[in-house]
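Below is one structure, written out as structure tokens; the observations come after it.
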Amino acid sequence: MHDIRSIRENPAAFDAALARRGLAPLSAEILAIDEKSRAIKTQLQQGQARRNEASKLIGQAMAARDMTTADALKAEVATLKDQMPALEAEDRDTGDALTALLAAIPNLPADDVPQGADEADNVECTRWGTPRTFDFTPQDHADFGPALGLDFEGGARLSGARFTALRGQMARLHRALAQYMLDTQTGTNGYEETIVPLLVKDDALFGTGQLPKFAEDLFKTTDGRWLIPTAEVSLTNLVANQIVPTDSLPLRLTALTPCFRSEAGSAGRDTRGFIRQHQFEKVELVAICAPEDSTAEHERMCAAAEGILQALALPYRKVLLCTGDMGFGARKTYDLEVWLPSQDTYREISSVSNCGDFQARRMNARYKPEGSKQTMFLHTLNGSGLAVGRTLVAVLENYQQADGSVIVPDVLVPYMGGVTTLQPR
RNA sequence: GGAGAGGUGGCAGAGUGGUCGAAUGCACCGCACUCGAAAUGCGGCGUGCCCGCGAGGGUACCGUGGGUUCGAAUCCCACCCUCUCCGCCA
């Protein structure tokens with residue numbers, strides 16, 4: 001959500017930032033509505049002021065038994081009240097229009113975000129690890145996975161496309177990955193373990209920016225709630241409408257949850273395999289901090305996500321997203337892309353974003369800086385640390401052997417009850 | 001799901017139709033006293049929005065949304081949430 005005052009003060013800068021996102025200028029339209037809205041407000045409030053004043057006088061007149069004056073004043077208020085509903089409606093309508101307009105505008109990119117149209121313009125920051133040289137042709141996990149317990153057919157029978165069941169050693173490996181990630185983020189990296197609701201109300205999704213624009217990407221329950229598409233929604237909204245005690249900042253939270261996405265816009269993409277599912281698990285990282293700390297917090301969070309890939313010895317690259325590829329709420333995003341041998345390319349496995357005060361404004365999450373009487377909006381950040389399903393795919397593909405078995409990465413062996421290899425059946 | 005009680009400022013807690021944005025206490029801030037602190041005294045102390053260069057003025061907000069009334073924290077309706085008891089249940 002954008003601050004109408006900053007748009008008022010510098011409409012040109014606002015439009016310039018929108019242009020970086022590939023959007024047409026909006027400040028003129030916004031400010032026209034804003035001006036109209038304020039004019040109506042002023043008029044309405046003058047009416048209310050007179051009504052309040054007259055009502056007090058009526059009280060006094062009646063106490064003095066001066067019915068003539070009281071009746072005259074009552075008549076005046078009656079006239080006033082005839083006009084007010086129309087003004088009230090107009091006030092509500094312009095206010096709603098302004099909110100609707102502002103709520104649909106994405107966050108503005110940070111200055112150091114590269115200009116670009118789509119993912120082709122993203123900038124690679126670093127590469128870690130060297131893709132393994134295979135002495136056989138590496139297979140797609142969708143092909144050798146079923147023999148190891150990836151049950152695509154079972155999932156599809158139950159629930160349709162993009163649902164998968166995991167069985168036996170595959171389920172165990174998935175659990176091992178999730179536990180390892182959670183242990184690392186709560187231990188080494190100091191994020192607070194959190195269990196959150198998976199069903200949330202409209203307000204929560206508005207707060208993080210999924211609503212009102214992206215309802216079609218979500219699943220909705222019959223009682224009007226929504227399944228979370230990411231634990232970012234639940235974790236970040238924990239501070240919604242709160243004034244967070246300054247000494248508790250930064251808040252660093254993590255949660256392992258299933259995530260539900262309708263994938264409405266991705267028909268035909270990644271239809272094979274375990275890459276793009278309606279339901280998948282993810283260890284999410286969220287940080288809530290003071291504005292001056294969010295840049296450092298962003299780097300810290302990204303490092304926390306990278307640590308998992310490094311511990312698993314999975315080659316990856318870190319990419320700085322360009323203006324055209326960033327999500328709605330982000331002002332700066334790093335993607336981590338893991339090497340997938342079967343695709344001979346890097347695929348997204350984590351996205352780490354600094355949202356600045358964009359989400360905090362939408363959900364009214366504030367703090368009171370030391371020595372200040374004024375509350376200020378917090379900064380919010382979120383990142384995957386990591387997407388468990390995609391990490392499973394990366395482990396399978398990078399650790400596959402010619403015989404269809406998969407070696408378990410060293411750090412996971414304790415989580416696998418000592419099992420060192422997944423054997424096809 | 002049924003019955004009952006209740007939702008007021010950072011917290012506790014008054015307030016059942018007019019001068020209530022709201023007593024009082026605690027917490028907090030400033031000042032005085034003190035070498036300093038405590039205690040005490042005095043003063044201050046909610047948020048959003050609109051108007052104004054400013055001083056300041058206005059408006060809205062007592063769970064949420066409607067309604068009655070010249071006037072609503074207070075009356076009416078609906079909904080949400082919390083607590084207690086009963087039922088059911090992982």
Side-chain angles (χ1 to χ4, degrees), chain A residues 1-9 30-103 195-207 211 220-226 234 237-249 257-258 357 360-378:
Chain A
M1 195 72 158
H2 293 282
D3 181 10
I4 184 69
R5 255 172 292 190
S6 76
I7 301 174
R8 242 182 250 153
E9 279 162 23
I30 293 168
L31 292 180
I33 299 176
D34 176 48
E35 213 164 300
K36 185 179 166 204
S37 163
R38 283 189 293 156
I40 292 167
K41 263 197 174 61
T42 303
Q43 205 186 336
L44 175 64
Q45 290 185 0
Q46 283 167 353
Q48 290 168 326
R50 178 56 194 159
R51 180 200 63 196
N52 291 346
E53 187 184 26
S55 291
K56 277 183 188 170
L57 293 175
I58 290 170
Q60 289 169 9
M62 287 178 54
R65 302 205 175 281
D66 179 356
M67 291 324 226
T68 320
T69 307
D71 288 342
L73 285 164
K74 279 190 192 182
E76 183 191 343
V77 173
T79 320
L80 215 50
K81 279 183 57 171
D82 281 345
Q83 307 156 357
M84 301 225 333
L87 269 178
E88 277 165 7
E90 232 183 315
D91 177 44
R92 202 173 330 112
D93 291 348
T94 49
D96 289 352
L98 190 58
T99 305
L101 188 54
L102 290 175
I195 304 275
V196 292
L198 306 181
L199 263 50
V200 297
K201 297 188 285 191
D202 295 18
D203 288 351
L205 287 156
F206 181 87
L211 291 180
K220 190 169 190 177
T221 63
T222 52
D223 71 349
R225 290 176 231 271
W226 306 78
S234 303
N237 277 287
L238 249 20
V239 297
N241 298 309
Q242 301 289 309
I243 297 173
V244 179
T246 308
D247 57 15
S248 68
L249 298 175
T257 70
D357 65 5
R361 280 182 188 283
R362 294 173 80 96
M363 64 177 70
N364 193 29
R366 296 166 296 165
Y367 78 113
K368 202 173 276 187
E370 208 77 48
S372 166
K373 297 216 77 168
Q374 202 78 35
T375 55
M376 284 187 62
F377 289 111
L378 289 155

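A note on names: the letters A, B, ... follow the listed sequences, proteins ahead of strands, and every chain is numbered from 1. None of the values given here were measured: they were computed from a predicted structure. When reading the values below, keep in mind they use all heavy atoms of this one structure, side chains included, and skip hydrogens, waters and symmetry mates.
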Q) Under 4.0 Å between a side-chain N or O of A/R5 and OP1 or OP2 of B/G48? A)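 No, because none of the side-chain N or O atoms of A/R5 sits under 4.0 Å from OP1 or OP2 of B/G48.
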Q | Phosphate OP1/OP2 of B/C51: any A/R38 side-chain N/O under 4.0 Å | A |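 Affirmative; the distance criterion is met.
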With [X], which residues qualify under side chain to side chain contact (heavy atoms under 4.5 Å, CB included), at least two apart?
X	answer
A/D357	A/R361, A/F377, A/H379
A/L198	A/I228, A/T257, A/P258
A/A103	A/M1, A/F206, A/P212, A/R362
A/T246	A/Y367, A/E370

Only pairs with both distances under 3.5 Å count, Watson-Crick or wobble alike; so what is the partner of [N] in this structure?
N	value
B/G10	B/C26
B/U40	B/A32
B/G46	B/C61
B/G1	B/C86
B/C20	none
B/G56	B/C51

Taking the [atom1] atom of each, how far is [N] from [M], in whole Å?
N	M	atom1	value
B/U59	B/G21	C1'	12 Å
B/A27	B/A78	P	43 Å
B/U64	B/A60	C1'	15 Å
B/G56	B/G6	C1'	41 Å
B/G87	B/G2	P	16 Å
B/A23	B/A14	P	15 Å
B/C51	B/U68	P	30 Å
B/U8	B/G46	C1'	12 Å

Applying side chain to side chain donor-acceptor pair (under 3.5 Å), name anything that partners [X], two or more places apart in sequence or on another chain.
X	result
A/D223	A/T221, A/R225
A/T68	none
A/D71	none

Q.
Protein within reach of the bases, or only the backbone? For nucleotides 18-23 of chain B, mark each nucleotide 5' to 3' as B, S or -, using heavy atoms under 4.0 Å.
A. B-----
Q: Using a 4.0 Å cut-off on protein heavy atoms (strictly under), produce a 5'-to-3' string for nucleotides 54-68 of chain B with B for base contact, S for backbone-only sugar-phosphate contact, and - for none.
A: ----BSS--------
Once you round it to whole Å, what is the distance between [atom2] of [N] and [atom1] of [X]?
X	N	atom1	atom2	answer
A/D203	B/C80	CG	P	15 Å
A/D202	B/C80	CG	P	15 Å
A/D82	B/U69	CG	P	13 Å
A/L98	B/G48	CG	P	18 Å
A/N364	B/G48	CG	P	9 Å
A/D34	B/G48	CG	C1'	15 Å

**Q.** Pairwise salt bridge (Lys or Arg N to Asp or Glu O under 4.0 Å) hits with a residue in residues 84-95 of chain A, at least two apart
**A.**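 Counting only pairs at least two positions apart or across chains, the salt bridge (Lys or Arg N to Asp or Glu O under 4.0 Å) contacts touching residues 84-95 of chain A are A/K41-A/D91.
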**Q.** Toward the 5' end of RNA chain B, by each residue's nearest nucleotide, A/R366 or A/R225
**A.**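 Of the two residues, A/R366 wins.
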Please report the interatomic distance [atom1]([X]) to [atom2]([Y]), rounded to the nearest 0.5 Å.
X	Y	atom1	atom2	answer
A/T42	A/L87	OG1	CG	11.0 Å
A/D203	A/N241	CG	CG	8.0 Å
A/I4	A/S37	CD1	OG	8.5 Å

Q: Would you check if the side chain of A/S6 reaches a backbone N or O of A/H2 as a donor-acceptor pair within less than 3.5 Å?
A: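 No, the answer is negative, given that no donor and acceptor are paired below the 3.5 Å cut-off.
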Q) Picking from B/U47, B/C70, B/C50, which would you name as closest to the side chain of A/K74? A)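 Closest nucleotide among those given: B/C70.
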Q. What pairs of residues pass the side-chain hydrogen bond (donor to acceptor under 3.5 Å, both in side chains) test when at least one of them lies in residues 44-54 of chain A, not counting sequence neighbours?
A.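 Residue pairs with at least one partner in residues 44-54 of chain A: A/R50-A/E53, A/R50-A/E76.
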Protein N or O to nucleotides 6-13 of chain B N or O, pairs below 3.5 Å:
none

